[in-house]
Peer 1: 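Have a look at this one.
Keep in mind it's a predicted model, so treat the numbers as computed, not measured. These values consider heavy atoms only, across backbone and side chains, with no hydrogens, waters or symmetry-generated copies.
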Amino acid sequence: MELDSIGDWRRTHYSVDVKPEMDGREVTLFGWVQEIRDLGAIRFVILQDREGTVQIIVLRKKASSKVLSKSDALQKRYSIGVRGVVKKTTITPRGIEVIPNEIRIFSAAESSLPIDITGKTPANLEVRLDARALDLCREDNISIFKIQHTAVGAIRGFLFERGFLEVHTPRMIASATEGGAELFSVDYFGRKAFLAQSPQLYKEQLVMSLERVFEIGPFFRAEESHTRRHLSEFVSIDIEQAFADADGVMQLLEQLMQHICRVANEKCPKELATLKYSIKVPEIPFKRLTYDEVLSDLKREGVEVPWGEDIPTPALRTLGKIHPYFYYITDWPTSSRAFYIQPRRDNPDLCEGFDLMWRWVELVSGGTRIAFRELLMKRLREKGLNPESFKYHLQAFDYGMPPHAGWAIGLERLTMMLTGKKNIREVTLYPRDKFRLTP
RNA sequence: GCCCUGGUAGUAUAGUCCGGUCUAGUAUAUGCGGCUGUCGCCCGCAGGACCCGGGUCCAAAUCCCGGCCAGGGCGCCA
């Protein structure tokens, strides 16, 4: 089959922008064949683009021989252009269809597709991820990533307005001793380097110059995790703010969450309808539960967690049933948190770290940070870390480190919240986990 | 890493417990034919599968062992 070039054609409209008022006007549409329903003397071709679909109608007796032969050749997923006349009609759900004057075929496709792109016979996630480029053409996937995009836009707007500067810190780092998560190692001109697990230390250093910073970018964890909510590569939305404490950044965070939900509802009603999901805009302030309150809540439900330990997943599920929406967990035992979280001055066994939970999922983690070198070194040693490997970071504390606080949102987990998807791989374009490195 | 469950046409599933009319059923997709208003179009025909290796048995998709892979859970997780 001979393929056409785009020539001087330019798109005049997306599918969804073709309206009944345009009756009789000529439009140029680009996209892909989603479906063909051939009734013999009449053929319906569904043209899909990023924004939706439009029906192209070809009448065997009326169409030109050129249009007829082009439309005979069409198959699913062919990339095509259609120049035709808008026809207002009462027969189609959209109230319009397009009668082609000319069809251009830019690219063909295999006749048998690895997954059903209309969604009639849904494929398993594994099969879909193996054919991800094609899978992402499905309307519900497009909806997921439009919602994610909208959320990121809302976050940027919100933080810009409040004086946060967007920054970019290194992904390749020298020290493997930040503690906690395992790091991926890489060869750096013959030296051993690591992929960053978080921008934590850099964003803290930046508060002494830029005061309020945020960063949106990928980070890496070489953990053995095999769950629906962990990835080896994920996107973190990190902020750090000078002259603030946990309480201040928690207020900021709950306002932001409310804002994201509002904007997503406002800008993505069609996408949410496609996903058959609705977002409830939360009221603020969010519930604030202390660690001790959580433990006694759990005890009442018959779940015992020894004081000082992190809360195990099954206990979090129970907690999520008691508190089915957003809530904070505050006043964690100092020993259970990262070394840079500020212990409470009135009771150093507790700290000013917090988690923002959504049901049973940890959505955001943050806290007041330690701003004093001596205390930070003490905490490093208590965590079994070597202050020597933090000398460049500790140096910053000699030059006027202000009191500061911050948090980090997991973007994919946020997207799960906004779309109702239960597996983090669904809301990741090309997920990376312990078992998957391709595509 | 551990535990549980599973692996059947391109896709999704039935069959597996209790081995034998399973010559492996169905839907969808694909190919061919038909059809003037479909929108999960419809109708007819066709081709297409038991994860790999070993074992038990007269007989294995079905039972046993090993491997690989997947899903869920747990653990790990600034």
Side-chain angles (χ1 to χ4, degrees), chain A residues 34-47 53-63 75-77 87 89-94 97 109-131 134-135 173 175-183 196-204 219-232 234 236 238 240 309-317 332 336-341 353 355 361-362 364-367 369 379 383 385 393 406-410 413 422-423 425 433-436:
Chain A
Q34 187 190 53
E35 228 181 332
I36 300 164
R37 285 187 285 271
D38 191 340
L39 275 65
I42 188 167
R43 172 182 292 148
F44 304 100
V45 178
I46 309 304
L47 176 85
T53 58
V54 64
Q55 178 164 283
I56 312 295
I57 178 172
V58 179
L59 288 158
R60 191 162 287 283
K61 281 183 186 153
K62 289 190 183 167
Q75 290 182 16
K76 279 181 187 172
R77 284 306 303 170
K87 185 181 150 204
T89 165
T90 52
I91 310 169
T92 67
R94 284 268 314 283
E97 56 197 6
E110 296 276 334
S111 65
S112 188
L113 304 174
I115 56 170
D116 173 10
I117 54 166
T118 64
K120 274 177 261 177
T121 308
N124 292 327
L125 186 56
E126 184 205 1
V127 175
R128 288 172 38 205
L129 290 176
D130 282 340
L134 180 65
D135 182 48
I173 56 173
S175 170
T177 49
E178 191 177 322
E182 292 290 320
L183 303 188
Q197 63 179 153
S198 100
Q200 185 60 35
L201 305 185
Y202 291 105
K203 67 175 181 168
E204 282 195 61
F219 290 97
F220 308 88
R221 305 274 166 93
E223 294 295 338
E224 299 280 2
S225 301
H226 179 51
T227 77
R228 289 182 287 158
R229 62 193 187 286
H230 287 90
L231 293 169
S232 305
F234 68 102
S236 182
D238 266 86
E240 204 65 33
E309 293 195 1
D310 210 350
I311 300 165
T313 308
L316 287 177
R317 287 178 194 267
W332 288 81
S336 71
R337 299 264 110 178
F339 69 86
Y340 48 78
I341 297 290
D355 280 350
V361 178
E362 181 197 324
V364 184
S365 185
R369 321 302 193 186
R379 289 290 299 135
K383 282 279 179 186
L385 299 166
H393 182 56
W407 41 250
I409 308 174
R413 289 185 182 182
K422 298 209 157 53
N423 190 320
R425 292 159 188 81
D433 60 38
K434 193 191 167 191
F435 309 100
R436 182 175 286 277

Peer 1: Say you pick atom P in C45(B) and the same atom in A27(B); how far apart are they, in whole Å?
Peer 2: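 Looking at atom P only, C45(B) and A27(B) are 11 Å apart.
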Peer 1: With sugar-phosphate meaning primed atoms plus P, OP1 and OP2, does Pro114(A) contact a base, only sugar-phosphate, or nothing at under 4.0 Å between heavy atoms?
Peer 2: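 Contact class for Pro114(A): sugar-phosphate only.
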Peer 1: Can you check the distance between C65(B) and C18(B), where both ends of the measurement are the P atom (answer in whole Å)?
Peer 2: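 It works out to 14 Å between them.
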Peer 1: Where does RNA chain B pair, written as one dot-bracket string 5' to 3', with Watson-Crick or G-U pairs under 3.5 Å, ( ) inside the strand, [ ] for crossing pairs and | for another strand?
Peer 2: (((((((..((((......[....)))).(((((.......)))))....(((((..]....))))))))))))....
Peer 1: Report yes if at least one side-chain N or O of Lys434(A) is closer than 4.0 Å to OP1 or OP2 of C76(B); otherwise report no.
Peer 2: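 False: Lys434(A) side-chain N/O out of range (4.0 Å or more) of C76(B) OP1/OP2.
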Peer 1: Got a donor-acceptor contact below 3.5 angstrom from the Arg43(A) side chain to the Ile36(A) backbone?
Peer 2: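 Pair absent, no side-chain N/O of Arg43(A) close to backbone of Ile36(A).
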Peer 1: At their closest point, which heavy atom of Pro114(A) faces which heavy atom of Val127(A), and how far apart are they?
Peer 2: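 So the minimum-distance heavy-atom pair works out to O-CG1, 4.2 Å.
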Peer 1: Take the protein atom CG of Leu231(A) and the nucleotide atom P of C76(B), then report the distance between them rounded to whole Å.
Peer 2: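 Distance, rounded to whole Å: 19 Å.
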Peer 1: Do Ser225(A) and C76(B) have a side chain to base donor-acceptor pair shorter than 3.5 Å?
Peer 2: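 Answer yes: a donor N or O sits under 3.5 Å from an acceptor.
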Peer 1: Find the distance Phe435(A):CZ to G72(B):C1' and express it as a whole number of Å.
Peer 2: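 From Phe435(A) CZ to G72(B) C1': 12 Å.
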Peer 1: Nearest nucleotide by nearest heavy atom, which residue falls closer to the 5' end of RNA chain B, Pro122(A) or Arg436(A)?
Peer 2: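 Nearest nucleotide further toward 5': that of Pro122(A).
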Peer 1: Which of these passes side chain to side chain donor-acceptor pair (under 3.5 Å) with Asp433(A): Arg425(A), His230(A), His226(A)?
Peer 2: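 By the side chain to side chain donor-acceptor pair (under 3.5 Å) criterion, Asp433(A) pairs with just one of Arg425(A), His230(A), His226(A): Arg425(A).
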Peer 1: Mind checking if Arg369(A) touches a base, just sugar-phosphate, or nothing, with heavy atoms under 4.0 Å?
Peer 2: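 Nothing, no heavy atom under 4.0 Å.
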Peer 1: Looking at Arg37(A), does any N or O in its side chain come under 4.0 Å of the phosphate oxygens OP1/OP2 on C41(B)?
Peer 2: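 Answer yes for this pair, as a side-chain N or O of Arg37(A) is under 4.0 Å from OP1 or OP2.
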Peer 1: Please work out if Ile57(A) contacts a base, only the sugar-phosphate, or nothing of the nucleic acid, heavy-atom cut-off 4.0 Å.
Peer 2: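 Counting heavy atoms under 4.0 Å across all strands, the contact made by Ile57(A) includes a base.
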Peer 1: Please identify each residue that fulfils salt bridge (Lys or Arg N to Asp or Glu O under 4.0 Å) with Asp135(A), with sequence neighbours left out.
Peer 2: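 Partners of Asp135(A) by the salt bridge (Lys or Arg N to Asp or Glu O under 4.0 Å) criterion, ordered by chain and then number, come out as Arg128(A), Arg132(A), Arg138(A).
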Peer 1: Which residues pass the side chain to side chain donor-acceptor pair (under 3.5 Å) test with Lys87(A), not counting sequence neighbours?
Peer 2: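 Here the qualifying residues are Glu97(A).
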Peer 1: Quick check: does any side chain N or O of Thr227(A) sit under 3.5 Å from a backbone N or O of Arg229(A), one acting as donor and the other as acceptor?
Peer 2: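 Side chain of Thr227(A) to backbone of Arg229(A), a donor-acceptor pair under 3.5 Å: yes, one is there.
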Peer 1: Atom CZ of Arg43(A) and atom P of C41(B): how far apart are they, to the nearest Å?
Peer 2: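 My rounded result for the distance is 15 Å.
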Peer 1: Between Arg77(A) and Glu110(A), is there a donor-acceptor pair closer than 3.5 Å when you use the side chain of the first and the backbone of the second?
Peer 2: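 No; judged by distance alone, with no hydrogens or angles, the pair does not exist.
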Peer 1: Tell me, please, which residues at least two apart from Pro312(A) pass side-chain contact (heavy atoms from CB on, under 4.5 Å).
Peer 2: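 Only Val305(A), Pro314(A), Ala315(A) meet the side-chain contact (heavy atoms from CB on, under 4.5 Å) criterion with Pro312(A).
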Peer 1: Along nucleotides 2-9 of chain B, 5' to 3', which nucleotides get a B, which get an S, and which get a -, given that the test is a protein heavy-atom distance under 4.0 Å?
Peer 2: --------
Peer 1: Write down the distance between CD1 (Ile56(A)) and P (U38(B)), rounded to a whole number of angstrom.
Peer 2: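 Distance, rounded to whole Å: 18 Å.
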Peer 1: Atom CG of Asp310(A) and atom C1' of C74(B): how far apart are they, to the nearest Å?
Peer 2: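 Spelled out: CG on Asp310(A) to C1' on C74(B) is 14 Å.
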Peer 1: Choosing from U36(B), A12(B), G75(B), which nucleotide comes nearest the side chain of Val127(A)?
Peer 2: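 The closest nucleotide is A12(B).
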Peer 1: What does Phe234(A) touch in the nucleic acid at a heavy-atom separation under 4.0 angstrom: a base, only the sugar-phosphate, or nothing?
Peer 2: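 If one applies the 4.0 Å heavy-atom cut-off, Phe234(A) turns out to touch a base.
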Peer 1: Between atom CD in Glu126(A) and atom C1' in C69(B), what is the gap in whole Å?
Peer 2: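 From Glu126(A) CD to C69(B) C1': 7 Å.
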Peer 1: Output one letter per nucleotide in nucleotides 42-49 of chain B: B when a protein non-hydrogen atom lies under 4.0 Å from the base, S when only the sugar-phosphate is that close, - when neither is.
Peer 2: --------
Peer 1: Could Arg337(A) and Asp355(A) be called an ion pair, given the rule that one side-chain N must be under 4.0 Å from one carboxylate O?
Peer 2: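 A salt bridge links Arg337(A) with Asp355(A).
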Peer 1: Output the rounded distance in Å from CG (Leu59(A)) to P (C35(B)).
Peer 2: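 Between P of C35(B) and CG of Leu59(A): 15 Å.
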Peer 1: Answer yes or no: does a side-chain N or O of Asn124(A) lie under 4.0 Å from OP1 or OP2 of U11(B)?
Peer 2: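 For U11(B), neither OP1 nor OP2 has a side-chain N or O of Asn124(A) closer than 4.0 Å.
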Peer 1: Of the nucleotides G75(B), C39(B), U36(B), which has the atom closest to the Leu39(A) side chain?
Peer 2: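 So the side chain of Leu39(A) is nearest to U36(B).
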Peer 1: With a cut-off of less than 4.0 Å, is there a side-chain N or O of Arg228(A) near OP1 or OP2 of G73(B)?
Peer 2: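 Affirmative; the distance criterion is met.
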Peer 1: What is the distance from CG of Asn423(A) to P of A70(B), rounded to the nearest Å?
Peer 2: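 Result: 13 Å.
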Peer 1: C1' atom, U13(B) versus U8(B): distance in rounded Å?
Peer 2: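 Roughly 9 Å separates the two C1' atoms.
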Peer 1: Nearest-nucleotide wise, let me know which of Arg425(A) and Gly40(A) is further upstream toward the 5' end of RNA chain B.
Peer 2: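 Closer to the 5' end of RNA chain B: Gly40(A).
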Peer 1: Looking at Glu126(A), is its backbone amide N or carbonyl O close enough to the side chain of Asn124(A) to form a donor-acceptor pair, meaning the two atoms are under 3.5 Å apart?
Peer 2: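 No, the answer is negative, given that no donor and acceptor are paired below the 3.5 Å cut-off.
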Peer 1: Quick one: label Ile115(A) by what it contacts on the DNA or RNA (base, sugar-phosphate, nothing), any heavy atom closer than 4.0 Å.
Peer 2: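 No contact.
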Peer 1: The criterion is side chain to side chain donor-acceptor pair (under 3.5 Å); which residues satisfy it with Ser236(A), sequence neighbours excluded?
Peer 2: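 So Ser236(A) forms a side chain to side chain donor-acceptor pair (under 3.5 Å) with Asp238(A).
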Peer 1: List for me each residue that meets side chain to side chain donor-acceptor pair (under 3.5 Å) alongside Asp130(A), sequence neighbours excluded, and say none if there are none.
Peer 2: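 Asp130(A): side chain to side chain donor-acceptor pair (under 3.5 Å) contacts with Arg436(A).
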Peer 1: Return the polar atom pairs (N/O with N/O) between nucleotides 27-31 of chain B and the protein under 3.5 Å, or none.
Peer 2:
from   : atom 1 : to        : atom 2 : distance (Å)
U28(B) : O2'    : Thr121(A) : OG1    : 3.0
A29(B) : OP1    : Lys120(A) : NZ     : 3.4
A29(B) : O3'    : Lys76(A)  : NZ     : 3.4

Peer 1: Quantified in whole Å, what is the C1' atom distance between nucleotide G20(B) and nucleotide A9(B)?
Peer 2: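 Roughly 24 Å separates the two C1' atoms.
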Peer 1: Please report the distance separating the C1' of U56(B) from the corresponding atom of A49(B), rounded so that it comes out in whole Å.
Peer 2: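 Straight-line distance between the two C1' atoms is 26 Å.
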Peer 1: Do Gln55(A) and Arg37(A) come within less than 4.5 Å of each other through their side chains, counting heavy atoms only?
Peer 2: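 Gln55(A) reaches Arg37(A) side chain to side chain.
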Peer 1: Taking only N and O in the side chain of Thr227(A), is any of them less than 4.0 Å away from OP1 or OP2 of C76(B)?
Peer 2: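 Result: no.
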Peer 1: Between G67(B) and A24(B), how far apart are the C1' atoms? Round to whole Å, please.
Peer 2: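 One C1' to the other, the span is 26 Å.
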Peer 1: Can you list the residues that meet the side chain to side chain donor-acceptor pair (under 3.5 Å) rule with Glu224(A), with sequence neighbours excluded?
Peer 2: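 Glu224(A) satisfies side chain to side chain donor-acceptor pair (under 3.5 Å) with Lys434(A) once adjacent residues are dropped.
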Peer 1: How far does the P atom of C4(B) sit from the matching atom of C64(B), given to the nearest Å?
Peer 2: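 Taking atom P in both C4(B) and C64(B), they lie 14 Å apart.
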Peer 1: Angle class for the Phe219(A)/Phe234(A) ring planes (parallel below 30°, perpendicular above 60°, tilted otherwise)?
Peer 2: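 Phe219(A) and Phe234(A): tilted rings.
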Peer 1: Over all strands shown, is Glu97(A) touching base, sugar-phosphate only, or nothing at heavy-atom distances under 4.0 angstrom?
Peer 2: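 Touches a base.
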Peer 1: Can you sort out the partners of Trp407(A) under ring-ring contact (aromatic ring centres under 6.0 Å, His included), two or more places apart, ordered by chain and number?
Peer 2: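 With sequence neighbours excluded, Trp407(A) shows a ring-ring contact (aromatic ring centres under 6.0 Å, His included) to no residue whatsoever.
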Peer 1: Give me the distance, rounded to whole Å, that separates C42(B) from A29(B) when you measure between the P atoms they each carry.
Peer 2: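 One P to the other, the span is 8 Å.
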Peer 1: Tell me every residue that passes side-chain contact (heavy atoms from CB on, under 4.5 Å) with Tyr202(A), counting only those two or more places apart in sequence or in another chain.
Peer 2: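 By the side-chain contact (heavy atoms from CB on, under 4.5 Å) rule, Tyr202(A) matches Thr169(A), Pro170(A), Ile173(A).
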